[in-house]
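Below: the structure, in structure tokens.
Numbers restart at 1 for each chain; the letters A, B, ... are given by sequence-line order, proteins then strands. Just so you know, these numbers use all the heavy atoms, side chains as well, and skip hydrogens, waters and symmetry mates.
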Amino acid sequence: MKRIVAKLVQDALTTLPELAEAAADLSIQNTVERTRDASHGDFASNIAMRLAKPTRRNPREIATSIVEALGDSPTVDKVEIAGPGFINFHLSPTAFHAELESILEQGEQYGRQAPKDGPKINLEFVSANPTGPLHVGHGRGASYGATVGNLLEAVGYPVHREYYVNDAGRQMDILGASVWLRWLEASGVEVPFPKGGYRGDYIRDIASEIDTSGIEAVTAEVVTNGLPDNTDDNKDEFVDALVARCKELHGEEGFDRIRQQALESIRDEIREDLEEFGVHFDEWFSEQSLTKTNRVDDALAVLEERGVLYEKGGATWFPSTQFGDDKDRVVVRDNGVKTYFASDIAYHFDKRERGFDHLIDVLGADHHGYVTRVRAGLEAMGYEAGDLEVQFVQFVTLYRSGKRVQMGTRSGQFDTLRQLREEVGNDAARFYYVMRSIDQHLDFDLDVAKSQSSDNPVYYIQYAHARIASVFRQLSEKSLSWDEDNGRDRLALLVEDQEKSLMTSLSRYPEILELSANNRAPQHLVHYLRDLANDFHTYYNAHAFIVDDAALRDARLYLISATRVVIANGLGILGVSAPEVSTGSLDAVRFGNRAVRGVCRLYQRSRTGCRGVRPGAATSQPAERTRRQ
RNA sequence: GUCCUCGUAGCUCAGUCGGAUAGAGCGACGGAUUCCUAAUCCGUAGGCCGCAGGUUCGAAUCCUGCCGAGGACGCCA
């Protein structure tokens, strides 16, 4: 709809050469915006004000020229010049009627744009280390990434969703050793558990499940003989010594079997957790594979070829300071081991080489420092700095009964994403995680997320959807039916204020999708859906839909059908279900509000559905790094 | 110390590219149900947009400094 207005302005400009020239580097579409106040019409353009300076003319005078040059359009009823030089467009009712028709014709496709050829986007998110279950912080990255993926796809970009599995390096060794020790423990071998090891109960579960055939049991004495002390001061040495001891006793191959099984077990668990959460990936990219296919060497070779690497103190350095970093970084240590940074450069290099034009990384806020150097790596290899976009997700804090819920394996009962999902349900979790800008720390209030009252925007929106479905069920019960064609032909009967605001809100949906996608900002969609639901509820309370006058009834049903489509589409992007029924109605009548809440909770719990959702997100938990650990 | 993010109503937060009178929800207070779901709606109160400068027709928005909160700064991963 906005495009129509922008086109009118554009066309007018072509008849005004001197203004068109001044507006050459201006996006006309960007000068057109929705008005805040209905008395200003439906759309306003500030183009005259923006052209005032370059043309040295009075903005109102420019506006007058443009308005006079505007062609006639059935879309526009009235054009006015207001304030310092705004051009206000009052659209005709038929413009909104046409939009309603589009909604019902296009259904699930409404608001979406035709697929574009590019740029091809690689969206990496979550990428939590496979050393334990996803925690609450990861949920935010997962929801955010999944929603942004849906948004980008909705506006036409080809999106590839990717999870980078950090399945190489020291942390995997520690994981392997942790499982090995728990396995020994389970068979009665008492060994001190390292302070630097993974202590969660899930390690014991893995230890009891893995196939250890061919791995011989050993005595505690053999394990601990000659090891350093297990104290806070040298926990690293102690863990490393245990890893080495395990390799000694069972061979590289034996250790690798334990490590690999542990990794796969955790990775599968993470994948299942995310699937249940409606978060899907096109690719689980293994860091190990990077080494196996020599991609790290390839990347280093490219840098070498370009002559950017240098040697110092036996190590190979990358001069990231040349690209704005505060210090140069080592890529190959003096002991010949490549650093994690080298893998990261290689990974991003590989993404570009795989044909993705634009890379988006969704990372926890604790990874700020790391971006400059990875971007520097890409630049040094001849890519544009802008090819890599990083979205940082701030941390999540849980609240219950107004008090902060302590998280962390040691102190907390509440730690994992799975627990959170089980407590508040997938819909509420998905919704709450993206409700706020990712730049903001998220205070996740468990009481509100669980509540079935109007305090909770998820239910508020879902209820609007269910209510519409309910109206149509009522219609059948009254042995009436909806004549869609008649409704479309009689849309002119929709003249109430609430009907007009609802139509206006509906017509904004495509613009909201574009805004949300371009800014990687799902919260715009969330707020929009809340407002849309509010418009609907207001309408519902003010006017009956199932009226005797068939023409009016059909027209009203047409309008609420369109509303149902847009709510369902929007919730689908968020990965939240759009229920047809809420089971609370009968009980609401019989027992009042309290009973309704109980019933609805059951209803909510039973739902895991996330319609039309694709992938999920990144991380954000203080205390602990979630990636690059 | 250097860098990054943030600071808007009692609370939690929106605010697009610099636009017209600063926006929601919750909480508080007051109303609405013979009628398609009261999981709803309507109304009232509530603001030094952290502070101080600057840029201009116009600043919550852009720039500089300061104050405050959080985070990042390893031949770790």
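- Out of B:U16, B:C73, B:A14, the shortest distance to the side chain of A:L515 is found at B:U16.
- OP1 or OP2 of B:C42 lies within a sub-4.0 Å distance of a side-chain N or O belonging to A:T538.
- Of the two residues contacting RNA chain B, namely A:R373 and A:R508, the nearest-nucleotide position lying further toward the 5' end is that of A:R508.
- A stacked arrangement is assigned to A:F86 and the six-membered base ring of B:A20, with a centre-to-centre distance below 5.5 Å and an interplanar angle below 30°.
- Counting distance only, with no hydrogens placed and no angle test, the side-chain atoms of A:N541 and the base atoms of B:U40 include a donor-acceptor pair under 3.5 Å.
- In terms of phosphate contacts, A:R36 brings a side-chain nitrogen or oxygen within less than 4.0 Å of OP1 or OP2 of B:G23.
- Sorted by first then second residue, the salt bridge (Lys or Arg N to Asp or Glu O under 4.0 Å) pairs that include residues 330-340 of chain A, not counting sequence neighbours, are A:D297-A:K338.
- Contacts of A:M435 with the nucleic acid, taken as non-hydrogen atoms under 4.0 Å apart, are absent.
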Between A:L557 and A:F472, is a side chain to side chain contact (heavy atoms under 4.5 Å, CB included) present by the stated rule, with each step listed?
CA-CA 8 Å; A:L557 293 175; A:F472 281 89; 3.9 Å; yes

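- On a pure distance criterion of 3.5 Å, no polar donor-acceptor pair joins the side chain of A:R473 and the base of B:C36.
- Checking the phosphate oxygens (OP1, OP2) of B:C17, no side-chain nitrogen or oxygen of A:N46 falls inside 4.0 Å.
- With a 4.5 Å cut-off on side-chain heavy atoms, A:M435 and A:Q523 do not count as touching.
- Taking 4.0 angstrom as the limit, A:R333 places none of its side-chain polar atoms (N or O) nearer than this to OP1 or OP2 of B:G74.
- Residue A:Q523 places at least one side-chain N or O closer than 4.0 Å to OP1 or OP2 of B:G15.
- We find that A:D236 and A:R170 are joined by a salt bridge, their nearest charged nitrogen and carboxylate oxygen being less than 4.0 Å apart.
- The A:R467 side chain lies nearest to B:U40 when the options are B:G19, B:U5, B:U40.
- At least one side-chain nitrogen or oxygen of A:K327 sits closer than 4.0 Å to the OP1 or OP2 atom of B:G74.
- For A:N88 and B:A20, a side-chain-to-base donor-acceptor distance below 3.5 Å is present, hydrogens and geometry of angles not being considered.
- A:E580 has no carboxylate O lying under 4.0 Å from a charged side-chain N of A:R473, or vice versa, which leaves the two without a salt bridge.
- Closest to the side chain of A:F395, from the set B:G70, B:C41, B:G15, is B:G70.
- Contact annotation: A:T35 does not reach the phosphate of B:A20 (side-chain N/O to OP1 or OP2, under 4.0 Å).
- Residue-level contact check: A:Q440 touches the backbone only, with heavy atoms under 4.0 Å from sugar-phosphate atoms and none from bases.
- The side chain of A:D37 lies closest to B:U21 when the candidates are B:C17, B:U12, B:U21.
- Both A:H543 and A:A533 lie near RNA chain B, and the one whose nearest nucleotide falls closer to the 5' end is A:H543.
- Distances shown here put every side-chain N or O of A:Q394 at or beyond 4.0 Å from the OP1 or OP2 atom of B:C4.
- The side-chain ring of A:H40 is stacked on the base of B:A20, judged by centre separation under 5.5 angstrom and plane angle under 30 degrees.
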